[in-house]
Amino acid sequence: MAVLVTGGAGYIGSHTVIQLLNSGEEVIIVDDLSNSSIKVLDRIEELSCKKPKFYKVNILNEEKFEEIFKENKIESIIHFAGFKAVGESVEKPLAYYTNNLISTLIILNIMKKYQINNFVFSSSATVYGDPKSCPILENFPLSTTNPYGTTKLMIENMLKDICNADKKLNVAILRYFNPVGAHESGRIGEEPNGIPNNLMPYITKVAIGKLEILSIFGNDYPTHDGTGVRDYIHVEDLANGHLKALDKIRTNSGLVIYNLGTGKGYSVLDMVKAFSKACGKNIPYKIVKRRAGDIAMCYADSSKARKELGWEAKYDLDRMCEDSWRWQKNNPNGYEN
Ligand code: UFG
């Protein structure tokens, strides 16, 4: 019986696939490679000494997607695939609603048809909107500020309704904080299309000389140094959270929801400093005006995951920066070397 990983060639997906393979799971990857490289698959094989089955399929192509279920015995699904750029979602809301919602509905309907009961969903701390306080608990009020976030929240709501109606279903909703870092080998890591929107890939591209200077979006937030504070979490810790969540739902847990963060908040300037230390050079930056939609502060209370999953983030900020840098330094052109 296999675990199907949608988006398994992506950043978080590929790290999770390796951990699943290393823990003895049979893994099938489905990815349309729209935001990932085919070369990831060779690296997964190199790092795990196993070659998972791979389907280059867009989930919206329902017929082709269903073929995977006819050809394989699938026991659980981890669903990473989806559009994920906040700014782009504001420009192209219809594309985000179509892609993220319909692909998830297709999966859920196929799960019903093939009697698959275990589902792990990639949600995001973005569902907390502008939180009333930090650290953020899972029962905080939910709201969103952009279409990307709204797709995550709408899917969470769908999952709650579906689990209410079908007690055989076991669903883990994992709310990620800010994933950074890379596999310690430096062979897989984050490779966004075009100019990065997120802080860490932007910093790594400045460090490698592909971008000139980091723009820091505002230094007048009510935080310790005025710059935005986030809960950065190593992608390996995040990946491990999926294995723990899978163990949990296999005990017939019904619907469970967990924050996956470290519980520590670091500012943009803290990140610049830590990264400079890791790469041994100064990261040039300038302060510019706030980015629309940004919040001052966001960090997790992850004690629920600790208690119920036995999961805890192990890697500290220095290690996150070292691993991000090793990946960037060894792969200045990402997977296109
Ligand atoms: N920042 C900069 N300059 C940059 C990029 C970011 O100063 O070039 C700042 C932002 O203003 C923010 C911090 O760095 O204070 C982190 O920004 P990111 O874009 O890396 O991450 P966000 O917290 O804005 O968003 C991320 C994911 C979303 C997710 C959200 C959940 O990108 O998908 O976390 O909290 F929804």
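This chain uses plain numbering: 1 for the first residue, then up along the sequence. Start at 1 and go down the list; that is how both ligands and their atoms are numbered.
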Could you tell me whether Arg290 and Asp220 make a salt bridge, using a distance below 4.0 angstrom between a side-chain N and a carboxylate O?
yes
Would you mind checking which non-hydrogen protein atom is closest to atom 3 (N) of ligand 1, with the distance to 0.1 Å?
Ser215 O, 2.8 Å
Could you identify the single nearest non-hydrogen protein atom to atom 23 (O) of ligand 1 and state the distance to 0.1 Å?
Arg230 NE, 2.6 Å
Region of Pro196 that comes within reach of ligand 1 [heavy atoms, distance under 4.0 Å]
neither
Please check: side-chain N/O of Thr6 versus main-chain N/O of Phe80, any donor-acceptor pairing under 3.5 Å?
yes
Once you restrict to heavy atoms under 4.0 Å, what part of Leu214 touches ligand 1? Side chain, backbone, both or neither.
side chain
Salt bridge flag under 4.0 Å for residues Lys205 and Glu191
yes
Checking a contact table here: which protein heavy atom is nearest atom 20 (O) of ligand 1, and how many Å away?
Leu199 N, 2.8 Å
Looking only at protein heavy atoms, which one is nearest to atom 27 (C) of ligand 1, and how far off is it?
Asn198 ND2, 3.9 Å
Atom indices of ligand 1, in the order listed, that fall short of 4.0 Å to a heavy atom of Arg291:
10 (C), 17 (O), 18 (P), 19 (O), 24 (O)
Is there side-chain contact between Met297 and Tyr221, with heavy atoms separated by less than 4.5 Å?
no
Of all protein heavy atoms, the one nearest atom 16 (C) of ligand 1 is Tyr232 OH, 3.4 Å
Specify the protein heavy atom at minimum distance from atom 1 (N) of ligand 1: its residue, its atom name, and the distance to 0.1 Å.
Phe217 CD1, 3.6 Å
Quick check with a 6.0 Å cut-off and a 45 degree axis cone: is Lys132 positioned over the face of Phe140's six-membered ring?
yes
Would you tell me which option among Val86, Thr145, Asn178 has the nearest heavy-atom contact to atom 34 (O) of ligand 1?
Asn178
Under 4.0 Å from any heavy atom of Ile216, which atoms of ligand 1 are there?
7 (O)
Is it true that Lys307 and Glu138 have a side-chain N and a carboxylate O under 4.0 angstrom from each other?
no
Return the closest protein heavy atom for atom 9 (C) of ligand 1 as residue, atom name and distance.
Val268 CG2, 3.6 Å
Contacts satisfying side-chain hydrogen bond (donor to acceptor under 3.5 Å, both in side chains) that involve residues 192-203 (not counting sequence neighbours) are Asn35-Asn193
Shortest protein heavy-atom distance from atom 10 (C) of ligand 1, along with the residue and atom involved
Asp294 OD2, 3.4 Å
Looking at Glu336 and Lys39, is any side-chain nitrogen of the basic one under 4.0 Å from a carboxylate oxygen of the acidic one?
yes
Is there a nitrogen or oxygen of Ile295 sitting under 3.5 Å from a nitrogen or oxygen of ligand 1?
no
I'd like to know if Glu71 pairs up with Lys53 as an ion pair, taking the criterion as any Lys NZ or Arg NE/NH1/NH2 lying under 4.0 Å from an Asp or Glu carboxylate oxygen.
no
Tyr285 atom OH: more than 12 heavy-atom contacts under 6.0 Å
no
Got a salt bridge between Glu67 and Lys70, using NZ or NE/NH1/NH2 to carboxylate O under 4.0 Å?
yes
Look only at interatomic distance and state if Tyr202 has a nitrogen or oxygen under 3.5 Å from any nitrogen or oxygen of ligand 1.
no
Within the 4.0 Å heavy-atom shell around Asn197, which atoms of ligand 1 are there?
5 (C), 19 (O)
Inter- and intrachain pairs under side-chain hydrogen bond (donor to acceptor under 3.5 Å, both in side chains), touching residues 146-155, at least two apart
Asn100-Thr151, Thr144-Thr150
What do you reckon, does Tyr128 put a non-hydrogen atom under 4.0 Å from ligand 1?
no
Which ligand 1 atoms does Tyr148 reach within 4.0 Å, using its non-hydrogen atoms?
33 (O), 36 (F)
Mark up the atoms of ligand 1 that fall under 4.0 Å of a heavy atom belonging to Ser124, in ascending order.
29 (C), 31 (C), 36 (F)
